[in-house]
J.: 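My questions will all concern the structure given below.
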Amino acid sequence: MIFDVITIFPDFFSGILEQGMLKRARLSGHADIRLHDLRDSTDDRHRTVDDRPFGGGPGMVFKPEPVFRAVESLKAEAAGSDFPVILLSPQGRLLNHSVAQELSQQARLVLICGRYEGVDERVATHLATDEISIGDYVLSGGELAAAVVMEAVTRLLPGALGNEASVDQESFASFDFESGGGRHGLLDFPQYTRPPEFGGLKVPEILLSGNHEEIRLWRHRQALAKTWRRRPDLLAKSRLSREDQVLLEEIQRAEMEPATQKV
Ligand code: 9D3
């Protein structure tokens, strides 16, 4: 998959591209991340990318011409093939697992990173095919958001994670954002590793018992309880199995009692 990132800060991406999953995906050819300095698409001596907002107000806005020119040159080079042009913006639709999945079906994505107070609206209306936000908080620009999109999408490319065993593990997990069957998933159950006691903090006995069915039930209950308390929105969306319903009723009943375990 080709990612064309249009930015005034190409150096911003060096860290994330040179480590971990994105580095491996690039080396193995699963992801080809091409950074384009927006200033290379300007035509004035000062390489101007921004100007004052019409109508007044604070700050500066990206001019349309360099952004259009940058994208048009990518389209010219890819003659014939069509690809989504995504503007990262606080006004975009929210990124989630299903948006990432949808984007992962594409062969190529253009990611436009804005800065300052925003980008001339004509980019959103007449150049971009999609506008994406990564959440309801204020960032200084689209670069971090573009990095998040690339990470989330690249993980979904077949073979990009390399370690097939761990992919399988993940998709076989019964509660997971990536689980099939239309389930929206629950939060993860808690994980522990050695030592079994650390500064007086003990690993739950059941995990050391070797009783796989009991462990499975415990994990399922933990995941449900945490999801119910912290992310009831996820529960509301998910199709509950019979076991989910039984365990959830237990959890809700326990919640009503005076002494309850904290999740
Ligand atoms: C909505 C806030 N705007 C009020 C006047 C100002 C503004 C804040 C931040 C304008 C641009 C930006 C830069 N942010 C992004 O480019 C951005 C972003 C974000 O801030 N939050 C979540 N996702 C994204 S994707 C791109």
Side-chain angles (χ1 to χ4, degrees), residues 1-17 20-22 25 31 33-42 47-72 74 83-106 108-157 177 184 230-231 233-234 237:
M1 179 156 183
I2 301 174
F3 296 95
D4 289 286
V5 184
I6 299 172
T7 172
I8 59 168
F9 294 131
D11 292 346
F12 177 97
F13 295 90
S14 32
I16 58 146
L17 296 186
M21 191 273 306
L22 283 178
I33 298 171
R34 304 177 181 177
L35 302 172
H36 308 278
D37 189 336
L38 183 62
R39 293 191 195 278
D40 293 343
S41 296
T42 57
R47 297 169 38 102
T48 310
V49 293
D50 61 332
D51 206 337
R52 293 154 61 204
F54 275 129
M60 300 290 270
V61 173
F62 268 5
K63 296 160 60 60
E65 303 96 314
V67 183
F68 272 79
R69 193 177 295 126
V71 173
E72 298 305 346
L74 295 174
F83 40 76
V85 175
I86 299 171
L87 176 64
L88 284 315
S89 126
Q91 284 74 48
R93 62 182 172 131
L94 269 183
L95 181 68
N96 60 23
H97 179 66
S98 86
V99 171
Q101 245 174 353
E102 172 195 321
L103 298 179
S104 73
Q105 305 302 304
Q106 302 290 338
R108 187 170 189 177
L109 291 180
V110 177
L111 301 172
I112 303 171
C113 306
R115 278 272 149 180
Y116 314 120
E117 281 308 299
V119 177
D120 186 288
E121 186 66 11
R122 288 165 288 191
V123 169
T125 55
H126 290 82
L127 183 64
T129 57
D130 204 352
E131 221 173 321
I132 290 180
S133 162
I134 62 163
D136 296 333
Y137 36 79
V138 178
L139 302 173
S140 306
E143 283 78 7
L144 263 177
V148 167
V149 167
M150 290 192 288
E151 164 104 13
V153 169
T154 301
R155 293 184 81 265
L156 299 177
L157 302 177
F177 292 108
H184 279 270
R230 290 192 188 165
R231 294 293 306 277
D233 58 308
L234 291 180
K237 276 191 283 186

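Start at 1 and go down the list; that is how both ligands and their atoms are numbered.
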J.: Exactly one of I132, I112, V110 should register a side-chain contact (heavy atoms from CB on, under 4.5 Å) with L87. Which one does?
T.: I112
J.: Mark up the atoms of ligand 1 that fall under 4.0 Å of a heavy atom belonging to A145, in ascending order.
T.: 25 (S)
J.: Which of the atoms of ligand 1 are close to S89, meaning less than 4.0 Å from one of its heavy atoms?
T.: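 Answer, ordered by atom number: 25 (S), 26 (C).
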J.: Please write down residue, atom name and distance for the protein heavy atom closest to atom 1 (C) of ligand 1.
T.: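 The answer is P90 CB, 3.9 Å.
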J.: Taking only heavy atoms of V138, which atoms of ligand 1 are found under 4.0 Å from at least one of them?
T.: 8 (C), 9 (C), 20 (O)
J.: Report, as yes or no, whether the 6.0 Å neighbourhood of atom CZ on R47 holds more than 12 heavy atoms from other residues, nucleotides or ligands.
T.: yes
J.: In plain terms, say whether R39 and D37 are close enough for a salt bridge, that is, a side-chain N and a carboxylate O under 4.0 Å apart.
T.: no
J.: Would you indicate whether the side-chain heavy atoms of P10 and T7 approach each other to under 4.5 Å?
T.: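 Yes, their side chains come closer than 4.5 Å.
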J.: Establish whether atom 17 (C) of ligand 1 and some protein heavy atom are separated by less than 4.0 angstrom.
T.: yes
J.: Under the 4.0 Å line, does any protein heavy atom show up next to atom 3 (N) of ligand 1?
T.: no
J.: Report yes if some heavy atom in the side chain of L74 is under 4.5 Å from a heavy atom in the side chain of R108; otherwise report no.
T.: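 When only atoms from C-beta onward are counted, R108 and L74 do touch, with a gap below 4.5 Å.
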J.: Would you check if the side chain of T48 reaches a backbone N or O of D50 as a donor-acceptor pair within less than 3.5 Å?
T.: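 No: the side chain of T48 does not pair with the backbone of D50.
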J.: Around atom 23 (N) of ligand 1, find the nearest protein heavy atom and jot down its residue, atom name and distance.
T.: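 Nearest neighbour among protein heavy atoms for atom 23 (N) of ligand 1, to 0.1 Å: I134 N, 3.1 Å.
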J.: In terms of residue, atom name and distance, what is the protein heavy atom nearest to atom 5 (C) of ligand 1?
T.: E117 OE1, 3.6 Å
J.: State, with a plain yes or no, whether a side-chain heavy atom of I16 is found less than 4.5 Å away from one of E151.
T.: no
J.: For R122, does the CZ atom sit with more than 12 other heavy atoms under 6.0 Å from it, leaving out its own atoms?
T.: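 Atom CZ in R122 is not packed in, count stays at 12 or less.
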J.: Among all protein heavy atoms, pick the one closest to atom 21 (N) of ligand 1 and tell me residue, atom and distance.
T.: Y137 O, 2.8 Å
J.: Atom 22 (C) of ligand 1: which protein heavy atom is closest, and how many Å away?
T.: G135 O, 3.1 Å
J.: What is the nearest protein non-hydrogen atom to atom 11 (C) of ligand 1, stated with its residue, atom name and distance?
T.: Y116 O, 3.6 Å
J.: With rounding to the nearest 0.5 angstrom, report the CG to CG distance, L103 to L156.
T.: 9.5 Å
J.: Quick test: of every protein heavy atom, which one is nearest to atom 12 (C) of ligand 1, and how far off is it to 0.1 Å?
T.: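 Closest protein heavy atom to atom 12 (C) of ligand 1: L139 O, 3.7 Å.
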J.: With heavy-atom distances below 4.0 Å as the criterion, list the atoms of ligand 1 near I132.
T.: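 Contacts of ligand 1 toward I132, numbered from 1: 25 (S).
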